[in-house]
Amino acid sequence: MSDIKNVELRNLNIQDYEELKSAMMKAYEKWPESYWREHEIRTLLNIFPMGQIGVLVDGVIVGCALSIIVKYELYSDEHSYKDITGNYTFSTHNPKGDVLYGIDMFIQPDYRGLRLGRRLYDARKELCEQLNLKAIVFGGRMPGYHKMAAELTPKEYLHKVKSKEIYDPTLTFQMANDFHVKKVLTEYLPGDKESRDYAVLMQWDNIYYTKKSRELKQQKSVIRLGLVQWQMRQYATSEDMYEQIEYFVDAVSAYKSDFILFPEFFNAPLMAKYNHLSEPEAIRKLAEYTEDVRDRFIQLAISYNVNIITGSMPMVRDDKLYNVGYLCRRNGTHEIYEKIHVTPDEVKAWGLSGSDMLRVYETDCGKIGVLICYDVEFPELARILADQGMKILFVPFLTDTQNGYSRVRYCARARAIENECFVAIAGSVGNLPKVHNMNIQYAQSAVFTPCDFAFPTNGVKTEATPNTEMILVSDVDLDLLSELHTYGSVRNLKDRRTDVFDLKLINGKDKDA
């Protein structure tokens with residue numbers, strides 16, 4: 001160790017993973033297969049890069065401290081490692097939380113005794129102060145306990161460690177770094193044989209913490225949604241359609257809505273002038289309007305101070321036809337979303353191709369997801385988005401018959417319950433006699449919720465009058481979702497048996513907007 005030339009502390013990046021994995025395996029060599037997988041580290045880096053700190057010796061990762069932020073009152077002092085990490089998905093991370101929670105901290109054995117762990121704890125403390133969080137909390141392991149478990153209870157062991165009658169390599173070090181003991185946790189981390197599945201809840205208090213005042217830019221918990229139940233009608237020009245779009249944006253923004261949702265293929269009336277062409281040719285002509293429609297929406301989002309979910313429109317890319325839409329934020333930025341599953345009729349009539357793009361979107365009202373019509377009938381998609389922190393799911397749809405609408409409606413309601421989120425659906429009504437394959441539409445736009453005491457008993461927050469052009473405005477409270485996740489009668493996300501089944505995105509890609 002006398003040859004060490006440089007010790008560095010910095011935030012981790014995904015390129016560090018192989019070195020990190022090697023250090024983890026050496027640090028936990030008595031606990032096989034305990035190292036973090038790459039997708040788990042990637043998730044932590046995506047949601048909270050500041051909280052993932054590595055220590056390097058001569059340019060090589062030899063240890064790290066991993067953290068998330070939680071709203072601690074939702075968990076209190078009675079929790080397990082599985083609870084606090086959202087079943088190891090880190091979905092419990094909440095940028096508006098008040099406690100920095102330590103997920104892991106280790107130093108490779110060859111580099112212990114150099115006070116590198118102290119550096120990591122000091123870096124955590126600085127981060128806690130910088131973010132104005134109340135405290136640092138974590139469940140400390142008791143790796144020496146297995147040697148004395150036959151003689152001492154966990155409480156007795158802890159008392160002897162505190163009085164320095166016993167040296168525990170983890171607890172002794174943590175206490176020396178100003179962390180105080182809150183209580184002993186049982187069944188905290190199953191599989192920790194050295195600790196006999198016990199842990200000690202430790203805390204460091206930030207004496208510089210000041211209670212946060214409600215600032216203008218603070219993310220709201222009550223979000224107002226505006227849904228457009230769009231009437232299909234003939235337009236003499238595209239400008240007539242833009243006038244109708246702006247009318248609805250104006251109307252919804254007048255109610256100070258945070259989002260406005262348009263239906264799938266709401267601009268189909270523009271195909272009337274191409275009705276002499278084949279159906280595949282006509283919809284490709286419609287695709288020529290998409291960029292202009294997108295740009296109009298971007299300007300409207302800024303002008304009317306509302307985030308716009310543009311429904312969907314056809315787009316040609318690499319000579320393939322896709323069904324796409326845009327999130328146009330009120331700050332002027334925008335991103336694309338795309339339909340993954342296309343119906344047999346969409347393939348037969350238009351030659352539509354399915355995308356492989358699935359992701360959540362950051363907004364000034366939290367994380368949202370968008371699934372276009374048929375996509376909501378595949379529960380795996382919404383579950384993947386929920387695992388990425390999605391709280392509101394928007395579903396623009398287009399259905400011609402009531403049975404088609406029922407598939408969308410009841411699947412959307414199921415997604416709200418099983419993913420502990422709000423789901424907003426918006427569709428078109430009326431008919432287009434001069435547009436092939438767009439005969440008549442059936443819709444009843446709605447906002448769905450989970451089913452528990454804080455929500456409507458039937459899971460329907462509000463719904464439009466069927467087959468009538470109108471807007472629907474509804475408030476949803478994101479804090480209710482957090483309470484449901486912890487205190488709900490049932491907790492669908494927490495109670496998943498991931499020891500029995502798993503779900504992952506295989507080939508999803510992001511596209512440039």
Side-chain angles (χ1 to χ4, degrees), residues 4-29 33-70 81 84-97 99-112 114-131 133 136 138 333 335 357-362 366-367 384-385 387-390 504-513:
I4 290 176
K5 297 181 177 60
N6 182 58
V7 176
E8 175 190 2
L9 232 63
R10 65 164 171 80
N11 290 114
L12 295 170
N13 57 62
I14 197 60
Q15 286 74 35
D16 295 324
Y17 179 71
E18 289 303 324
E19 289 182 3
L20 189 64
K21 176 182 175 181
S22 176
M24 282 186 282
M25 294 178 72
K26 292 175 182 177
Y28 297 125
E29 58 183 356
E33 300 298 315
S34 63
Y35 62 89
W36 294 105
R37 273 44 178 186
E38 183 175 354
H39 73 275
E40 294 168 324
I41 296 298
R42 189 183 296 275
T43 297
L44 285 171
L45 292 174
N46 285 339
I47 63 174
F48 186 32
M50 293 175 65
Q52 321 317 321
I53 305 167
V55 58
L56 292 78
V57 174
D58 295 334
V60 178
I61 299 284
V62 299
C64 75
L66 308 177
S67 313
I68 58 175
I69 299 173
V70 298
Y81 192 79
I84 206 73
T85 61
N87 199 20
Y88 314 110
T89 66
F90 312 116
S91 60
T92 51
H93 174 70
N94 183 349
K96 295 191 296 179
V99 163
L100 185 70
Y101 198 94
I103 296 301
D104 200 356
M105 203 284 282
F106 65 83
I107 298 295
Q108 185 178 323
D110 293 342
Y111 294 89
R112 290 171 184 167
L114 300 175
R115 297 180 181 268
L116 300 181
R118 183 180 294 274
R119 295 193 190 204
L120 289 172
Y121 278 137
D122 287 344
R124 264 188 185 164
K125 293 172 185 176
E126 290 177 10
L127 179 62
C128 185
E129 293 173 359
Q130 178 186 346
L131 298 177
L133 301 173
I136 301 172
F138 58 82
T333 62
E335 295 186 74
M357 177 184 173
L358 182 68
R359 52 166 298 194
V360 297
Y361 299 89
E362 294 281 358
K367 294 183 178 182
I384 289 171
L385 295 177
D387 281 343
Q388 296 177 18
M390 176 265 297
K504 63 180 180 179
L505 184 62
I506 295 174
N507 218 9
K509 299 182 180 70
D510 289 348
K511 303 287 193 305
D512 294 330

Trainee: Taking the cut-offs as 6.0 angstrom to the six-membered ring centre and 45 degrees off its axis, would you call Arg37 and Tyr35 a cation-pi pair?
Mentor: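 Satisfied, under 6.0 Å and within 45°.
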Trainee: Using atom types as modelled and distance alone, determine if a side-chain donor or acceptor of Asn87 lies under 3.5 Å from a backbone N or O of Thr89.
Mentor: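 Answer holds: no.
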Trainee: Can you tell me how far the CZ atom of Arg119 sits from the CD1 atom of Ile107, to the nearest 0.5 Å?
Mentor: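 Arg119 CZ to Ile107 CD1: 10.0 Å, rounded to 0.5 Å.
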Trainee: Taking Ile53's backbone N and O only, do any of them form a donor-acceptor pair with Asn11's side chain (distance below 3.5 Å, no angle check)?
Mentor: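 Not at all, since once roles are kept as given, no pair shorter than 3.5 Å links the two residues.
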Trainee: Could you give me the CA-CA distance, side-chain angles and deciding distance for Leu45 and Tyr17, then say whether side chain to side chain contact (heavy atoms under 4.5 Å, CB included) is met?
Mentor: CA-CA 11 Å; Leu45 292 174; Tyr17 179 71; over 6 Å; no
Trainee: Kindly indicate, with the supporting measurements, whether the criterion side chain to side chain contact (heavy atoms under 4.5 Å, CB included) is fulfilled by Leu9 and Asp122.
Mentor: CA-CA 11 Å; Leu9 232 63; Asp122 287 344; over 6 Å; no
Trainee: Aromatic rings Tyr81 and Tyr88: how do their planes relate, parallel, tilted or perpendicular, breaks at 30° and 60°?
Mentor: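 Tilted, since the angle between the ring planes falls between 30° and 60°.
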Trainee: Could you measure the distance from the OG1 atom of Thr92 to the OH atom of Tyr101? Nearest 0.5 Å is fine.
Mentor: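 Atom-to-atom, Thr92:OG1 and Tyr101:OH are 9.5 Å apart.
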Trainee: State the CG-NZ distance between Leu133 and Lys125, to the nearest 0.5 angstrom.
Mentor: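 One finds 15.0 Å between CG of Leu133 and NZ of Lys125.
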Trainee: Are Asn6 and Glu8 close enough that some pair of their side-chain heavy atoms sits under 4.5 Å apart?
Mentor: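 The answer is yes; the side chains approach within 4.5 Å.
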Trainee: Which pair of non-hydrogen atoms, one from Ala23 and one from Ile61, has the smallest distance, and what is that distance?
Mentor: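 Heavy atoms only, the tightest pair is CB-O, 4.0 Å.
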Trainee: Could you measure the distance from the CD atom of Glu38 to the CD1 atom of Ile14? Nearest 0.5 Å is fine.
Mentor: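 Spacing of CD (Glu38) from CD1 (Ile14) equals 4.5 Å.
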Trainee: At what distance, to the nearest 0.5 angstrom, does CE of Met25 lie from CD of Gln108?
Mentor: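 Output value for this atom pair is 11.5 Å.
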Trainee: If you take all heavy atoms of Phe138 and Gly102, which pair is closest and at what distance?
Mentor: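 The pair with the smallest heavy-atom distance is CB-O, 3.5 Å.
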Trainee: Identify the heavy atoms of Cys64 and Leu12 that sit nearest to each other, and give their distance.
Mentor: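 Nearest pair, atom of Cys64 first, then Leu12: CB-CD1, 4.1 Å.
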Trainee: Would you indicate whether Arg42, at its atom CZ, is surrounded by more than 12 heavy atoms from other residues, nucleotides or ligands within a distance under 6.0 Å?
Mentor: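 Result for CZ/Arg42: open.
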Trainee: Please report the interatomic distance CG(Leu505) to CD(Gln388), rounded to the nearest 0.5 Å.
Mentor: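 Between atom CG of Leu505 and atom CD of Gln388 there are 7.0 Å.
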Trainee: Tell me which one of Thr43, Leu100, Leu66 satisfies side-chain contact (heavy atoms from CB on, under 4.5 Å) with Phe48.
Mentor: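 The option that passes is Leu100.
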Trainee: Report yes if the side chains of Val7 and Tyr111 come closer than 4.5 Å at any heavy-atom pair, otherwise no.
Mentor: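 Side-chain contact under 4.5 Å: no.
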Trainee: Testing the basics here: between Asp387 and Ser91, what is the closest heavy-atom pair and its distance to 0.1 Å?
Mentor: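 Residues Asp387 and Ser91, closest heavy atoms: O-CB, 4.4 Å.
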Trainee: Is there side-chain contact between Trp36 and Leu44, with heavy atoms separated by less than 4.5 Å?
Mentor: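 No. Closest side-chain heavy atoms not under 4.5 Å.
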Trainee: Write down the atom of Val62, the atom of Val57, and the distance for their closest heavy-atom approach.
Mentor: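 What the structure gives for the nearest pair is CG2-CG2, 3.7 Å.
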Trainee: May I ask you to test the His39-Lys504 pair for a side-chain heavy-atom distance under 4.5 Å?
Mentor: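 Answer no - side chains too far apart.
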Trainee: Only one of Arg10, Lys21, Gln52 passes side-chain hydrogen bond (donor to acceptor under 3.5 Å, both in side chains) with Asp16; say which it is.
Mentor: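 Of all the options given, the one that passes is Arg10.
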Trainee: Find out whether Asn94 and Val70 are in side-chain contact, i.e. whether some heavy atom of one side chain is under 4.5 Å from a heavy atom of the other.
Mentor: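 Answer no - side chains too far apart.
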Trainee: Indicate yes or no: at least one non-hydrogen side-chain atom of Thr85 is less than 4.5 angstrom from one of Glu40.
Mentor: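 Result no, sub-4.5 Å side-chain heavy-atom pair not found.
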Trainee: Please name the pair of heavy atoms, one in Arg124 and one in Ala65, separated by the smallest distance, quoted to 0.1 Å.
Mentor: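 Taking every non-hydrogen atom into account, NE-CB, 3.7 Å.
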